[in-house]
Amino acid sequence: MGGIIFGTENIEQRKENYTLISHDVIENVDVCVIGSGAAGAILASKLSETGKSVVLLEKGGYYDAEDMNQREVDMIPLLWKNGGANFTDNLKIVIAQGQCLGGSTVINDAVCFKTPKIVRDQWRTIEVDISDEEWDRATNEVWSNINVSRVTPEELNKNGMMLKKACKIKNYKSTENNRNCKDCMRCGFCHLGCHYETKQDMLVTYIHKAIQNSNLRIYCNCDAQKISYSNGIADGVEGNFINKSGKTMFTIRVNAKVVILSAGSIASSQILLKNRILIDKVGKGLSLHPAPALLGKFTEEINAYDGIPMSYTCDEFGVPNGVEDGGFLIESIFLPIFSFAIGLPSFLIEHAQLMKDFAHYAMAGVMIRDESNGSITLSEKGNPKVHYTLSQKDINNLTKGVETLADMWFDAGAEKVISGHEDCIILNSKDDIPKLVEAIKTNPDGLPVASAHPQGGNRMGENKETCVVDSHCKVHSFENLYVSDASVFPTSVGVNPQVTVMAIATMTADHINKIWDEKYASLHLKSEIGKTCSITQLMYCSTDRLETMFNQANNLHSIEMLVNAEENKDINSEERWSFNKKNLMIYNNKYWRGFFPTDQNLTVIRYLGGFWKRFFKDGDETKGITHAYEMPIDANNIPELRKFAGFGDVIHLRYTGIQYQLIYDLLKVVDKDTIIGRAFLGIPPDGNPLFSFSMSRKYTASFMDEEDHETIFKDYGHIPEEKDMSGMWYVKLVSDSAVTPVIKALTYNKENERLQMEGLLRRFLKETSQVTLTPKQTDVYNFTNWHSEIKIVTDDFAVGKWCSPWMKFSLDLDFSFMSIEKQDQESRFCIRFILGRNN
Amino acid sequence: MEYKISGKIKDKIGRPLPGLFVEAYDSDIGVDDFLGVAESDSDGQFEIIFDDSSFKGLFERKPDEYLVIRDAYRILHKTQIQSESGNNKYFEIKITDKESYEDLYGDSLQRVLSSFNSVEDTVDISQVDFRRSMANMIRAITSWSYYTRPKIMNKYGYPGPQVPRYSKTTPHKHTLPWNPKE
């Protein structure tokens, strides 16, 4: 029995062993890898082959060759990150990335370049400690595993031949590309996944081989959100399984001895930032290999869509030809018709006229080796914002590249060249080239460029002050957290980067394998369960799961177990209520806090429908009270141990009040602090089920109620200092019966030496508030006359309330998160909330 | 009076399915009565016994049973209501899972729209050139509605996809109509 690929999409047959996910997952393994592209797949494969248990998490889905149907409208949403709409923050550059099992290797053009010697040398001068022998060994291993071979002259299509012709005329150094493709069908649909399995992407090479081994489990459709760590040791990963609408269906917690992030430049930086790891260094130095494309329009038919899209490269001006600084490659490329139409400049009538010559165009791109000017930051919702500008040097390179290529197309016999620059779309002869050069110089933004090679962000190097990872890809200041993908490139590499990424991953895997026994084997595996639905934290369970667990579980305890702490006992007694700051767990034995299942979709119940039950001794008898938070309901109960057909041993909770005669609950105590319950209408044991619920005496601070909130605010929080508050926080309201959704993200920053808070409510209402921190109070004032008071509990958790001014009359309308505070003769409203660093 | 429901659960090709939970309900006006639960054995067989106190209301003389089959995590199947009389009923249940197979290509738009969720707030409006972005958007929409149609593609000399859309379930050959070596 081999490994299994899991996912949320139910498809009839798959090439590899595939199972539909239908519940939360907890995994305890040696290694957890995030991302299954050029780096992640190799790491997972090489580590599992040496006997380590490995979990691989991939945000995209698993699609095999027969799913790839060569249709752009079908495949781009399945395989491309953000359905193809992956842009820089100014919407100027579209960044092509794969988001599926196999990552970008599934949708790239299979072009392979070994890491140029010049680049390796340059990287060594900036403290990347990798010898040429190591590079060569890793590169050769990759080279043979992905079956790289050179395109033969017979395999060149007319598009490639045109570029070749132009290079020969100019006597430029050029060659057929190396590609990881075996017996290529030359269908021209590389960007949409290879239907014929000839492209040697990760799916058919590393993943296919590794999944035969039962050490590897792959979870697709899994959005990894959180890396948990303490004192420089990462101990696990948490994520959500999402369906095709992006809705969270289940959660996963992976406890691992080593965590490796291989999610690509943008996502790796995003995940590190989200988890507040080295935030002052992460996300900087992004380069994109920006590439404009030029079309040569020929009299004869080129039919560039037939055959290998990227088959030929002119490297006269690039790193492979010894250009040390900047430079560019000119590479033949072509796109399927829809992508082509989107990329073709102009619109409406002019566009239609240009499209008429579709079969007559030869196309090539100019790929610039750019400087690392980009950055990745987090948006309010925790999405990655890619900021990128071309430096003057990049623009000069672009200009030179475009100029050269236009000249080449005319030399090869083109009657027109389509440049794409908005001020100079069509060049009718060589005489127009200076116009184009001028247009780019005066309006560089007018030239559309695309990117398929995001690199950098988490720079590699031995210098801890400036770099994120060391030469083995281990994150500085961490023992067992690695980032291994294109994001570690210290500069852009200047050639198509997939082989460099794979070589780095190979070296990282070899390094981890080498030091495993000594460094990692004996690491203690944490047994966290994250936010998964499990028997000790039923508040994360859906109705279906609760019902099933209710049917399967046995009542483990006697009625005595139910009894809560005495009401008049010392208010500060640990037995009655305690809060553990370390793991943010609340132990609340004042009553059993009730929770509704996660899929009950009435928002009103989330905020208003909560309840608790309290049990106490009355002489020898155990009695109970069921209390609804928002209603004047305190129903008296009597619990009795019973055996009911179909349910087994249960606690039958009778309601003694006359008005509740038709209601009863069945409870099963599954753990000393946890109960599953079902409420019924009718006469036991044959009543009709109304709803399911759970109750706990132990829950995390995310589930606190108002009383917990007040105690923590008073006794466990302290007035923050500026440094405690700065950065981003997510706000949730304190509710009665569930975790509430994030309502708002806040950022505290310093503007003109004054701390201020920026909040974005519902994406439109932007507020900026002045923050005053006094030893007695934190006050946040916005445009209303209400203000917030915040107290910090731990580095990444705080509690707060948003309160009205004190009013001279007595209020007593206290419902849900809106509470009333009184002082002397005055009272005020307060809305209670919690703040967390993670959403 | 005692009633018995028994039966057998099989998968789509007839193999017995052990370890599934079978819950029996009596269909009623309003809410349905729960009759009992059983687990299927290694032969896929199950048996639920109940008496008439479980379902009898004022007017009801006989139960209208239906079964809900679930595994540990979700409902797999609900049977039709069996209302004929008799106190010994047998259910033959086939779990195909077939009805829940997804159409990968059927909801591309939904996929794209949901991914916009993770894009929308990454745009820095102050940096965006609206004229250019609008032009790009218009081009994307017109191209999508026009050039993705097979007939239009062919008009431009573009042969289009070489495999059937549902290629997994449609037998097809891996050949190309053009001679790529030309």
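These numbers were taken from a predicted model, which means no experiment stands behind them. Here is the naming used below: chain letters follow the sequence lines, and residue numbers restart at 1 for every chain.
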Tell me, side chain or backbone of [X] under 4.5 Å from chain B's heavy atoms, or both, or neither?
{"X": "Pro336(A)", "result": "both"}
{"X": "Glu301(A)", "result": "neither"}
{"X": "Gln99(A)", "result": "neither"}
{"X": "Leu344(A)", "result": "backbone"}
{"X": "Asn303(A)", "result": "neither"}
{"X": "Met355(A)", "result": "both"}
{"X": "Thr8(A)", "result": "backbone"}
{"X": "Phe680(A)", "result": "neither"}
{"X": "Asn551(A)", "result": "side chain"}
{"X": "Phe644(A)", "result": "neither"}
{"X": "Ser346(A)", "result": "backbone"}

Would you mind checking which part of [X] comes under 4.5 Å of any heavy atom in chain A, side chain (CB onward), backbone (N, CA, C, O), both or neither?
{"X": "Arg131(B)", "answer": "side chain"}
{"X": "Arg165(B)", "answer": "both"}
{"X": "Glu39(B)", "answer": "neither"}
{"X": "Pro164(B)", "answer": "backbone"}

Option that, when pairs with chain A are counted at under 4.5 Å, heavy atom only, ranks first among [options]:
{"options": "Glu23(B), Met153(B), Arg132(B)", "value": "Arg132(B)"}
{"options": "Asp103(B), Val119(B), Ile48(B)", "value": "Val119(B)"}
{"options": "Asp107(B), Ile49(B), Val112(B)", "value": "Asp107(B)"}

Query raised in the report: Does a salt bridge link Lys385(A) with Asp124(B), judged by any charged N lying under 4.0 Å from a carboxylate O?
Result: no
Requested in this report: Before accepting this row, confirm whether a basic side-chain N of the pair Arg149(B)/Glu72(A) lies closer than 4.0 Å to the acidic partner's carboxylate O.
Outcome: no
Contact leader toward chain B among [options], where contacts are heavy-atom pairs under 4.5 Å:
{"options": "Pro685(A), Cys533(A), Ala341(A), Gly246(A)", "result": "Ala341(A)"}
{"options": "Gly682(A), Gly83(A), Pro77(A)", "result": "Pro77(A)"}
{"options": "Thr88(A), Asp357(A), Asn82(A), Asn243(A)", "result": "Asn82(A)"}
{"options": "Lys356(A), Glu547(A), Glu422(A)", "result": "Glu422(A)"}

Below 4.5 Å, heavy atoms only, C-beta onward: do [X] and [Y] meet side chain to side chain?
{"X": "Phe21(B)", "Y": "Gln552(A)", "answer": "yes"}
{"X": "Gln127(B)", "Y": "His387(A)", "answer": "yes"}
{"X": "Asp74(A)", "Y": "Leu104(B)", "answer": "no"}
{"X": "Leu91(A)", "Y": "Val123(B)", "answer": "yes"}

Locate the shortest heavy-atom distance separating [X] from [Y]; write the atom from each residue and the value.
{"X": "Gln70(A)", "Y": "Val163(B)", "value": "OE1-N, 3.5 Å"}
{"X": "Leu348(A)", "Y": "Thr142(B)", "value": "CD2-CG2, 4.5 Å"}
{"X": "Ala359(A)", "Y": "Tyr156(B)", "value": "CB-O, 4.1 Å"}
{"X": "Phe189(A)", "Y": "Gly160(B)", "value": "CZ-O, 3.6 Å"}
{"X": "Thr122(B)", "Y": "Pro384(A)", "value": "CG2-O, 3.1 Å"}

Hey, what do you get for [atom1] ([X]) to [atom2] ([Y]), rounding to the nearest 0.5 Å?
{"X": "Asp67(A)", "Y": "Tyr105(B)", "atom1": "CG", "atom2": "OH", "result": "5.0 Å"}
{"X": "Phe358(A)", "Y": "Tyr158(B)", "atom1": "CZ", "atom2": "OH", "result": "6.0 Å"}
{"X": "Ser114(B)", "Y": "Lys247(A)", "atom1": "OG", "atom2": "NZ", "result": "12.5 Å"}
{"X": "Met185(A)", "Y": "Gln162(B)", "atom1": "CE", "atom2": "CD", "result": "9.0 Å"}
{"X": "Ser108(B)", "Y": "Ile76(A)", "atom1": "OG", "atom2": "CD1", "result": "10.0 Å"}
{"X": "Ser167(B)", "Y": "Asn69(A)", "atom1": "OG", "atom2": "CG", "result": "5.5 Å"}

Report task. Consider only side-chain N and O atoms of His172(B) and Glu66(A), and report whether a donor and an acceptor are under 3.5 Å apart. Result -> yes
Report task. Using only heavy-atom distances, determine whether the side chains of Asp121(B) and Ser379(A) contain a donor-acceptor pair under 3.5 Å. Result -> yes
Query raised in the report: Would Arg111(B) and Glu9(A) count as a salt bridge (Lys or Arg N to Asp or Glu O under 4.0 Å) if you check the C-alpha gap in whole Å, the side-chain angles of each, and the deciding distance to 0.1 Å?
Result: CA-CA 13 Å; Arg111(B) 281 174 203 274; Glu9(A) 285 179 308; 2.6 Å; yes
Query raised in the report: Does the side chain to side chain contact (heavy atoms under 4.5 Å, CB included) test come out yes or no for His174(B) and His195(A), once each step is laid out?
Result: CA-CA 9 Å; His174(B) 287 176; His195(A) 181 85; 3.1 Å; yes
**Report entry** Within 6.0 angstrom of Gln80(B) CD, more than 12 heavy atoms from elsewhere
**Finding:**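 At most 12 heavy atoms, drawn from other residues, nucleotides or ligands, come within 6.0 Å of this atom.
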Query raised in the report: Given the rule in the side chain to side chain contact (heavy atoms under 4.5 Å, CB included) test, do Asp129(B) and Asn90(A) qualify, once you have shown the distances and angles that lead to the verdict?
Result: CA-CA 7 Å; Asp129(B) 181 323; Asn90(A) 55 5; over 6 Å; no
